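Reading through the structure tokens given below for one structure.
Values below: all heavy atoms of this structure, side chains included; hydrogens, waters and symmetry mates excluded. Quick caveat, the model's predicted, so the values are computed rather than measured.
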Amino acid sequence: MSVALVTGASTGIGAATAIRLAREPGTELVLVARRKERLRALADSLPCKATYVAVDLTSAEALERVRAHLEAEHGGRLDLLVNNAGAAWRGGFAESGHANVARHMDLNFDAVVRLTEALLPLLRAAAPSAIVNVASTAGRVARARTGAYSASKFALVGWTDALYAEELPHGVHVGMVLPGFVATEGFPATELKEKALTRWLVSKPEAVAEAIYEAGPGGKPERYVPRFYALAAIARILAPSLIRRVLTSGAASDLTTSTAADRDPDSPAA
Ligand SMILES: NC(=O)c1ccc[n+]([C@@H]2O[C@H](COP(=O)([O-])OP(=O)(O)OC[C@H]3O[C@@H](n4cnc5c(N)ncnc54)[C@H](OP(=O)(O)O)[C@@H]3O)[C@@H](O)[C@H]2O)c1
């Protein structure tokens, strides 16, 4: 038996990850996100024991609710933590300012750190166990109008690297997944999917779910999805002026895709 908790499981990469993990014999799943009906429907559809906690991970009650749920429903056991919940609100710094940076940090970094701190004792007790942090290729390469999102993902990447080294002796493997463009509810990538020239850049949530499996139970330290996105990260270090030239050219504007939060102020991500 092994217990896996996936945040952001109501849709997109998190839901695909829950479906992927449910294929492993003996798995119990804990699904976390804000939308209860989505979580309930997914939990009911899975072929294994699956429970859920409908909570805003940035709220003060989140940690206690998740801890208490694990105790009550899964005997206080946790073998795999997938920190996947996240969002992006586009905007240049001059217009969106510190407030936009703060809300990205709150969800994409602070909430991950706080949840990991709360659950690390359970993961150590269950060792060998694993954490997977879902970062982004934007945690290696930043585009215009995504500075706040990139700042939160750069922070997550740096912290994850340190945690990998710290938890190794305790038997808690810390893996990281860095997706490129993946068409989901929150990140529809419409601008790229519309054009034959850029459609090939867009991946599927199921591909990221497989990478999350590899970076968790599979023991890989990091995975780009698709793998060729690693070239962007390498080029940022080895040829920074080339990357700057590409990312400030007119053609680069499509690379700052709009998100659900930008397109619909009534979306749950907004
Ligand atoms: N798709 C991409 O192109 C892409 C690329 C690189 C990295 N990523 C990363 O991959 C992760 C998943 O993204 P996705 O594409 O699957 O996005 P998505 O479709 O918008 O899903 C985001 C998930 O996070 C949950 N969530 C958002 N705010 C939350 C909060 N305050 N508390 C609890 N849960 C919250 C959402 O559920 P509720 O609305 O129900 O709360 C949803 O389940 C994110 O960390 C994202 O940064 C995505």
Side-chain angles (χ1 to χ4, degrees), residues 1-10 13-33 39 42-43 46-55 57-59 61-86 108-135 156-178 208-223:
M1 192 268 278
S2 92
V3 179
L5 186 149
V6 182
T7 71
S10 63
I13 292 168
T17 301
I19 292 165
R20 170 64 186 87
L21 293 172
R23 290 195 343 234
E24 297 303 310
T27 299
E28 292 186 6
L29 282 168
V30 185
L31 314 175
V32 181
L39 296 176
L42 178 58
L46 293 173
C48 64
K49 174 174 175 178
T51 63
Y52 58 86
V53 187
V55 72
L57 284 164
T58 65
S59 69
E61 57 168 343
L63 305 183
E64 196 36 53
R65 294 255 325 266
V66 173
R67 275 295 296 246
H69 179 90
L70 279 169
E71 286 297 336
E73 301 289 335
H74 300 273
R77 180 176 176 141
L78 184 63
D79 301 87
L80 172 65
L81 168 63
V82 180
N83 285 311
N84 163 75
N108 296 348
F109 184 65
D110 292 341
V112 175
V113 173
R114 292 185 326 123
L115 186 66
T116 305
E117 181 179 35
L119 301 184
L120 194 54
L122 302 186
L123 289 157
R124 281 191 177 183
S129 55
I131 298 169
V132 180
N133 289 337
V134 180
L156 186 60
V157 166
W159 179 72
T160 302
D161 277 349
L163 197 64
Y164 171 89
E166 290 167 13
E167 290 306 313
L168 197 61
H170 299 284
V172 183
H173 167 71
V174 180
M176 175 163 65
V177 172
L178 302 99
V208 187
E210 197 56 46
I212 288 171
Y213 183 81
E214 287 175 25
K220 289 246 176 349
E222 77 179 34
R223 266 289 318 270

Measuring from atom [atom1] of [X] to atom [atom2] of [Y], what distance do you get when rounded to the nearest 0.5 angstrom?
X    : Y    : atom1 : atom2 : answer
L5   : L80  : CG    : CG    : 8.5 Å
L156 : D110 : CG    : CG    : 11.0 Å
R124 : H170 : CZ    : NE2   : 3.5 Å
R114 : T58  : CZ    : OG1   : 7.5 Å
L29  : L39  : CG    : CG    : 11.5 Å
R65  : L57  : CZ    : CG    : 10.0 Å

Scan V172, L168, I131, V113 and name whichever one has a side chain to side chain contact (heavy atoms under 4.5 Å, CB included) with L163. I131
Looking at every heavy atom in both [X] and [Y], which two are closest together, and how far apart are they?
X    : Y    : value
A135 : V157 : CB-CG2, 3.8 Å
A126 : D79  : CB-OD2, 3.7 Å
E28  : E73  : OE1-O, 4.5 Å
A50  : A43  : O-CB, 3.6 Å
R67  : A118 : NH1-O, 2.8 Å
A9   : A33  : N-CB, 4.0 Å

Go through the steps for I212 and I13 under the test side-chain contact (heavy atoms from CB on, under 4.5 Å), then give the verdict. CA-CA 9 Å; I212 288 171; I13 292 168; 3.7 Å; yes
Looking at E24, R23, R223, which one forms a side chain to side chain donor-acceptor pair (under 3.5 Å) with Y213? E24
Under the side chain to side chain donor-acceptor pair (under 3.5 Å) test against N83, which residue among T160, T7, T116 passes? T116
Evaluate the side-chain proximity of V174 to E166: yes if any heavy-atom separation is below 4.5 Å, no if none is. no
Could you check if a side-chain atom of L63 sits within less than 4.5 angstrom of a side-chain atom of E117, using non-hydrogen atoms only? no
Is atom NZ of K49 surrounded by more than 12 heavy atoms (other residues, nucleotides or ligands) closer than 6.0 Å? yes
Do N84 and T17 have side-chain atoms, one donor and one acceptor, less than 3.5 Å apart? no
Under 3.5 Å, is there a donor on one side chain and an acceptor on the other for E222 and Y164? no
On the 0 to 90° scale, with breaks at 30° and 60°, tag the H74-H69 ring pair as parallel, tilted or perpendicular. tilted
